[in-house]
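Notes follow once the structure below has been shown.
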Amino acid sequence: MSSPWSRTVSRRMLCLLTAGGLALTLAACGDGDNAAQSGGKVKITVTGQPPTSQPFERGVFDADVKEFEAAHPNIDIEPHEGFMDPKTFSAKLAGGQLEDVYYVYFTDPAQIIARHQAADITEAAKSVPHVNDIKPELLDNFRDANGKLYGLPTMNYTMGLVYSKPLFQKAGLDPDKPPQTWDEVREAAKKISALGNGVVGYADYSKNNQGGWHLTGWLYSMGGDIARKDGDKWVADFNNDKGKKALQYLHDMRWTDNSMGAKQLLEATDVQRMMGSGQLGMYMAAPDNVPVLVKQFNGKYEDYGIAGMPGGQGTLLGGEGYMVNPKASPEKIKAGLEWIQWKYLNPDRFEKHIQQYVDGKQPVGLPAEPTPDVWTGAVREQQLALKAKYANVPAQNFQSYVDTTSKIKGSIEPPNAQQIYAALDSVMQAVLTDQNANIDQQLSSAESKVNSVLAQVK
């Protein structure tokens, strides 16, 4: 995927296709001090440079490197293309090729910290401007059990409900009042599917680990969980009333209401294609899906709305951040944190960064790029005001989602997430392809598989 807003989606797809990613044994860390330090300058290697196939993002990144170096003449940045590739990350660690500042998914830090693969930045981060304005739950994802900090979050997403405003209108639903509960989703889906001509009311994923990913979102929305800590070990936590309730909703929409269509075993691109072609009413997704619908599937920004996660009891929280090589010198750690803060966590550059997107004819006003929602308090209000000022897409379409994100509990993915999702895919597939699937048996079987996966978590 090439659009700037599909970055999270594309990384997610890569992660989903590589089950177990960082669960692979991580070997010794790379030597972060090999980069030259001469003439009083500190040289650091950093990941995150977009590929040349993404010219807008690449141009912004390279311009930022030049501006940063001009403002920090004692620091040289050596950018490396790429983000997190689970297939090569372990080899880079073992081979001493790990950058000084490297990108991670939110699913990575706990394992990396446990294996001593990141520098402790607790003290150094105290001097980072605005660190206390970052959402605490996001910072906590980079802490160990003793509260020590090993990285900084730079982007996050929460799942919500993407919906088609034109189909809502055609079905007699208010496009400015999206569903707030799963019961309301079910009723809206029935009305939308009743339009006929192949229109589907609600769709969901069920293969390539994406079914398990979305089932996790369902559980969180109902105040449930996929896994929980039991003393020193993790155990499955979905073979219960909440798990049954989520699957019963899916079963009933698929078989009783026939509002999910006959074609199943779907993944993200299938559902996005349906939405982009005007054949789908709703699906669970993060805001970065909207530009994908426009850029890749011929949709229009004005046709889509985003609501908060139905149920309001919780949502799936994901995102990304940066950590520092554990062998980096104090000077490199300091320089690395200066880069992370200046580039990704800098309220003083909000307006300039937004202007870059406006000038590049990129959308502004979505609850996503160019200024991710990692903030609280006055900084968050500053960000929202600037987005509203420069909005070139109908920001009001996404207001329901924005209002919800400040109130709803976000929970990160479970440990060894991809292996768990692989086990849960079969549950989603059974319920959506077999009208007589035994939900209790499916949950019980998946529970055994997931407990085996969780037994590997250290």
Side-chain angles (χ1 to χ4, degrees), residues 1 3-16 21-22 47-48 50 57 82-86 89 101-113 118 121 125 128 130-131 133-143 149-160 209-210 213-214 216-217 220-221 226 268 284-292 306 308-309 314-324 340-341 343-346 353 366-376 379-380 383 398 401-402 404-406 408-415 417-418 421:
M1 297 183 182
S3 78
W5 311 270
S6 67
R7 195 173 67 205
T8 302
V9 177
S10 60
R11 293 178 206 168
R12 158 64 53 194
M13 295 306 105
L14 172 61
C15 197
L16 290 170
L22 285 178
T47 60
E57 301 94 311
F83 299 95
M84 168 64 73
D85 184 347
F89 187 68
V101 176
Y102 61 93
Y103 167 94
V104 291
Y105 298 104
F106 270 15
T107 49
D108 303 338
Q111 297 177 62
I112 289 174
I113 293 168
I121 63 169
V128 173
H130 302 289
V131 71
D133 295 313
I134 299 171
K135 292 178 179 179
E137 63 268 28
L138 303 186
L139 282 171
D140 287 347
N141 195 50
F142 291 85
R143 297 186 192 277
L149 187 65
Y150 291 84
L152 293 172
T154 55
M155 184 181 293
N156 76 295
Y157 72 85
T158 55
M159 302 294 274
N209 296 17
Q210 297 174 35
W213 175 36
H214 269 210
T216 299
Y220 287 176
S221 77
I226 289 293
M284 183 192 299
D288 59 4
N289 269 237
V290 174
V292 176
I306 310 176
M309 185 69 101
T315 186
L316 177 60
L317 169 70
E320 60 194 57
Y322 285 84
M323 303 177 83
V324 179
I340 296 169
Q341 189 276 328
K343 165 67 175 164
Y344 301 103
L345 301 170
N346 193 348
H353 192 39
L366 287 161
E369 287 272 38
T371 55
D373 188 20
V374 300
W375 303 103
T376 61
V379 175
R380 183 171 189 265
Q383 169 188 276
F398 320 119
Y401 173 91
V402 173
T404 303
T405 56
S406 62
I408 196 169
K409 176 188 176 183
S411 298
I412 64 169
E413 297 170 275
Q418 301 311 317
Y421 295 162

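All values below were derived from every heavy atom in this structure, side-chain atoms included, with hydrogens, water molecules and symmetry-related copies excluded. Just so we're clear, the structure is a prediction, and the values are computed from it rather than from any experiment.
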Looking only at non-hydrogen atoms, find the nearest pair between [X] and [Y] and report the distance.
| X | Y | result |
| --- | --- | --- |
| Gly48 | Tyr322 | CA-OH, 3.6 Å |
| Leu139 | Leu149 | O-CD1, 3.8 Å |
| Gly314 | Met309 | O-CG, 3.6 Å |
| Tyr157 | Gly319 | CE2-N, 3.7 Å |
| Val290 | Ile306 | CG2-CD1, 3.7 Å |

Salt bridge (Lys or Arg N to Asp or Glu O under 4.0 Å) assessment of Asp373 paired with Lys135: CA-CA 9 Å; Asp373 188 20; Lys135 292 178 179 179; 3.5 Å; yes

His130 and Trp375 aromatic ring geometry - parallel, tilted or perpendicular at 30°/60° bounds: perpendicular

Any heavy-atom pair between the side chains of [Y] and [X] that's under 4.5 Å?
| X | Y | answer |
| --- | --- | --- |
| His214 | Met159 | yes |
| Pro136 | Thr376 | yes |
| Pro287 | Leu366 | no |

Intermediate values then yes/no, side-chain contact (heavy atoms from CB on, under 4.5 Å), Tyr102 and Ile112: CA-CA 12 Å; Tyr102 61 93; Ile112 289 174; 3.5 Å; yes

Given Leu317, Leu316, Ile408, Thr404, the one that forms side chain to side chain contact (heavy atoms under 4.5 Å, CB included) with Thr158: Leu317

Answer yes or no: is there a donor N or O on one side and an acceptor on the other, between the side chain of [X] and the main chain of [Y], under 3.5 Å?
| X | Y | answer |
| --- | --- | --- |
| Asn209 | Tyr421 | no |
| Tyr220 | Ile412 | yes |
| Tyr344 | Gly321 | no |
| Asn141 | Phe106 | yes |
| Thr47 | Tyr103 | yes |

Value rounded to 0.5 Å, distance of CE in Met284 from OG1 in Thr315: 8.0 Å

From CA spacing to verdict: side-chain contact (heavy atoms from CB on, under 4.5 Å), Met155, Asp288: CA-CA 12 Å; Met155 184 181 293; Asp288 59 4; over 6 Å; no

Candidate pair Ile340 and Leu345, rule side-chain contact (heavy atoms from CB on, under 4.5 Å), full reasoning: CA-CA 7 Å; Ile340 296 169; Leu345 301 170; 4.2 Å; yes

Stepwise side-chain contact (heavy atoms from CB on, under 4.5 Å) test for Met323 and Ile113: CA-CA 10 Å; Met323 303 177 83; Ile113 293 168; 4.0 Å; yes

